[in-house]
Amino acid sequence: MRVSLRLLCPVVVLFSLLCISFPSFAQVTCKAKAPQQVYEGQYFTYEVTLNEKPSKLNSIQFPNFDVLSGPSTGSSTSISMSGGKTTKIVAFTYSYTLQPKKQGKFVIPAAVFTVKGKTVKSNAVNVQVLAETDRQKQRKAQEGVPNFNKKDVFVKASASKTSPFMGEQVIVTYKLYMPSTVNGGWQVTSINNPAQPNLWSYEMGDPSEGAPRTIENINGIRYTVFEIRKNAVFPQSTGSITLSPMELGLDCRIVYKQSSGDPFWDRMFGNQQVQPVTLEIESNKLNLNVKALPEGNVPESFTGTVGSYTLKSNLSRKELSANDATNLTLTISGRGNIQHIDPIALNFPPDFDVSEPKITDNINTSGASVSGSRTFEYVIIPRNGGEFVIEPAEFSFYDPAKKSYQTLTTDNFNLTIEGSIAAETVSSSSSVNQKDIKVLGNDIRFIKTNSNSFVAIGTVPFFASVHHFSLMILPFVLLFVFIIVWRNRIEKYSNVAYVNNKRAKKTATKCLKNAKLLIVQKKEEDFYIEISRALWGYLSHKYHIPLAQLSMETVEEVLTLKGASTETIEHFIKTLQQCEYSRFAPGESAVNMQEMYDEALAFILNNEAIKTK
Amino acid sequence: MKKILLIFVSFLSAISLSASSIQDSLSAMFLQGNQYYQEKEYVLAVESYLEVAAQGYVSEQLYYNLGNAYFKAGEIGKSILYYEKALLLNPSNDDIKHNLAFANQQITDRIEALPELFIVQWWNSCSAFFSYNGWAVVGVVSAFLVVIFILVFLFSRAPLIKNVTLLLFVLSVIFLIFSTIFGYKQLNQMQESTSAIVMAPIVNAKSTPSKSGSDLFVIHEGLKVSITDQLNEWVEVKIPNGEKGWVLIESIQKI
């Protein structure tokens, strides 16, 4: 028992797992349907039905069939009740009208849809295309089913020139060939003309005008030819350029008769059937062999423009005041890639405020080729007065018709601008720099009413002149001289003996002057005292001997010691003795006094004379 | 001896007499210019003032009045030129500085000057206090003062006087040195003036001294530039913001 339980356990687990993984939602069905047998050239319907709304049609392919129309989608819902149970059936249908390309056995591969995030595939369908029997052809002819072949509708592109120059205008015309089998009318649903990197392309013609039509017969089929598109193309690189084909979407209606089997009904309401056909056709590929422009004599102002042009210029005002505006207009007109003409380089004088040119195009595309004019309008604002010249504008292009480069130039533009800088900036600076103006006042200060003496131009400046230097040095020279003199003086006066020596004569003559007065006063006693004082004083000062050391006994010895000459000593002693004698032996006093005076004076003068020698 | 002195004196007086008569006639022209200026005949005033200069004589006031007359006549470049000339003769005059600053407000270019170190600014404004001749006089006076203070110092015995004179002596030596330096600076500025004023309304500064050189910048009448080089009729100028370019010599005028 224990063993069987052990064996049972994994079985229970497995069973429960199976229960969980069992699908819990309804299966999505997807069924494709088509007739098993068709005849060549017969239209038939291919249908795919799903029971859920698909979010996306991933792929559907008809390798051996032409799609005449489709996909058209439809949906239907039906609700049925049986035994109290309500069933809701929903059907979504995708249908195509197909035409076999050739006879044989073909497989239409499965269509792939995405439904609720899951990929759903339909079944593949086998279709056998049988050769058309004569009976059928006959029946078709009777019924009036047109023998429409998708290949009979085509677009043909043609170029006006297959080997243009770079930048030259080429007109590419697209013509739609519509066979007479399309008898129920047609409509262009889309035109896709992919842009190409090395081409400038412009659509030409007036779209409001109907496409011109012509009739052409090709291989026995009568075509109505519509010119559906005309492009002006400007190649931008040399070498071989393949124009990518134009893609055209068309809706055609083909009307045929099909008998309903009731002649009366047919007669009343007609037996016409309409088969819509959707076509996606491509034009043929055009090849252009683009030539480079000739290299010799390329003008400097050439920027790659090709065509034939004229240049006009106009200056709206030639005389104006500063800060006013004038317009310079340059107009280039002609045939060519007008919309890609660069603004002409102009040399404006400095200080002209020139706006970026305003470009106005007047393009005419209704003719056989693109023509028109391009206008450059410069607004010029001169900021200062004066005479100015704007150099001529120059425009160059290559003319393929004349096979040469052409250069067009305008005249010089002369401008006369009135106005001064001061007048202009006063008005403008008042707001910009008001603070400065306020500080400085509103005007310059008044002139000087008087002038200093005028100085000749080229006068040697006083600074660094000889006068300047001498005046600078003068006080120092004076100081130097003064100090030398003064130092000398100090030296001399610091020597007492020298001073005494110098003072000797002075004091002596002072005494003698007194003595002279005493002669007149006849004071004998005093006179002789004065004379002897003068002599002793002189000696004392002259030889720097204290008066106390001087006496009649010692005078000779002392004087010899001091280096006085013997002559002097003798003279002195003699004079002194005479003086003593006269003093104590008065005689004819007046005569003696005068003699004594003369004697003393003579001694001093003699002695001084000797000294100075 | 007396004869020679007499001749010398008479010669001197003759010179001074003729000089004073010239001064009188110049003064008359100057006053005539002033008259025109007051009558608002600025062009005539300019002519009168220029007549004085044509005689070979100038003065600070003449330049100043010329600057004023040119300013009123609307020739801002010449006005600035003459204000600058006047300022060279008297760098400290307030009226000249004011009018020059005012005229500079009117010119088209407002180029930010490169900032100068404050010491350099201070140095320049100090040296502009006198003209070179003014500094010469200051120098001579301070030389005399130096000597006087030396003497007073040597001969005075009171310590207070000695201290004061020592201080004054040092001060006057400083004055002497700086007046010489500043004087030289001023003289140099005038004699080797590298400054010029743009005269043409618009000047295109080129990268090379030729017409084919590419344009570097545009300057206008009245801008003060300094000349850094010269080649034939082209001069290289430096504008206040430090940019350099070549212009035709006729488009500028040296101060």
Side-chain angles (χ1 to χ4, degrees), chain A residues 322 349-352 382-386 388 417 419-426 428-430 432-433 436-437 439-459 461-465 467-480 482-483 486, chain B residues 22-23 26-27 30-31 33-34 37 52-53 55-62 64-65 67-69 71-72 74 76 95 98-99 101-103 105-108 110 132-133 135-137 139-140 143-144 146-148 150-151 154 176 180 183-184 186-187 190-191 201-202 204 215 218 220-222:
Chain A
D351 241 45
F352 271 43
R383 292 297 181 201
N384 289 295
F388 297 96
I417 316 295
S420 66
I421 300 165
E424 179 231 317
T425 40
V426 163
S428 66
S429 65
S430 61
V432 177
N433 227 330
D436 292 343
I437 299 284
V439 172
L440 287 170
N442 290 321
D443 199 2
I444 52 170
R445 291 187 187 161
F446 194 64
I447 49 168
K448 305 278 178 191
T449 48
N450 271 309
S451 176
N452 286 350
S453 59
F454 295 94
V455 183
I457 296 167
T459 308
F462 174 60
F463 191 91
S465 66
H467 297 280
H468 178 216
F469 282 131
S470 26
L471 272 172
M472 289 268 277
I473 293 164
L474 180 68
F476 294 98
V477 172
L478 286 177
L479 181 71
F480 186 71
F482 179 80
I483 284 175
W486 193 52
Chain B
I22 285 174
Q23 289 288 337
L26 293 174
S27 199
F30 180 79
L31 292 175
N34 286 2
Y37 186 92
V52 179
Q55 304 287 316
Y57 287 87
V58 292
S59 74
E60 147 208 344
Q61 288 84 358
L62 179 74
Y64 172 80
N65 286 9
N68 270 11
F71 183 88
K72 290 287 183 184
I76 212 88
D95 289 339
H98 172 275
N99 283 7
F102 191 80
Q105 289 279 322
Q106 315 296 322
I107 66 170
T108 314
R110 204 171 299 274
Y132 48 90
N133 279 350
W135 283 119
V137 171
V140 169
F144 273 95
V146 164
V147 169
I148 287 166
I150 289 173
L151 288 176
L154 285 179
L176 181 60
T180 313
Y184 260 108
Q186 291 287 328
L187 188 67
M190 193 208 63
Q191 286 181 337
I202 301 168
N204 247 344
D215 296 350
V218 176
H220 299 87
E221 184 179 354

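Every chain is numbered from 1, with letters handed out A, B, ... down the list of sequences. Here the structure is a predicted model, which is why all the values come from computation and not from measurement.
At a 4.5 Å heavy-atom cutoff, B/Ile148 makes no contact with chain A through either its backbone or its side chain. The contact between B/Leu187 and chain A is made entirely by side chain atoms (from C-beta outward), counting heavy-atom distances below 4.5 Å. Both the backbone and the side chain of B/Phe144 come within contact range of chain A, with heavy atoms under 4.5 Å apart. Proximity to chain A is absent for every atom of B/Ala69, based on heavy atoms less than 4.5 angstrom apart. In this structure, the portions of B/Asp95 lying under 4.5 Å from any heavy atom of chain A include both its backbone and its side chain. Interface remark: A/Leu474 contributes side-chain atoms only to the contact with chain B (heavy atom separation under 4.5 Å). Both the backbone and the side chain of B/Tyr132 come within less than 4.5 Å of a heavy atom of chain A.
Summarising the local packing, CZ of A/Phe480 is surrounded by 12 or fewer heavy atoms from other residues, nucleotides or ligands at distances under 6.0 Å.
In this structure, the side chains of A/Phe454 and B/Ile22 stay at 4.5 Å or more apart for every pair of heavy atoms. Looking only at side-chain heavy atoms (C-beta outward), A/Leu478 and B/Val147 stay at 4.5 Å or farther from each other. Counting only heavy atoms from C-beta outward, the side chains of B/Ile202 and A/Phe388 approach each other to under 4.5 Å.
What you find for A/Met472 and B/Leu176 is that their closest heavy atoms are CE-CD1, 3.7 Å. Of all heavy-atom pairs between B/Tyr64 and A/Phe446, the closest is OH-O, 2.9 Å.
With chain A as the partner, the residue from B/Leu26, B/Val137, B/Val58, B/Leu62 showing the most heavy-atom pairs under 4.5 Å is B/Val58. Heavy-atom pairs under 4.5 Å with chain A were tallied for B/Glu60, B/Gln55, B/Lys72; the largest tally goes to B/Lys72.
Taken from CG in B/Asn99 to CD1 in A/Ile447, the straight-line distance is 11.0 Å, to the nearest 0.5 Å. Between atom CD of residue B/Gln61 and atom OG1 of residue A/Thr449 there is a gap of 9.0 Å, rounded to the nearest 0.5 Å.
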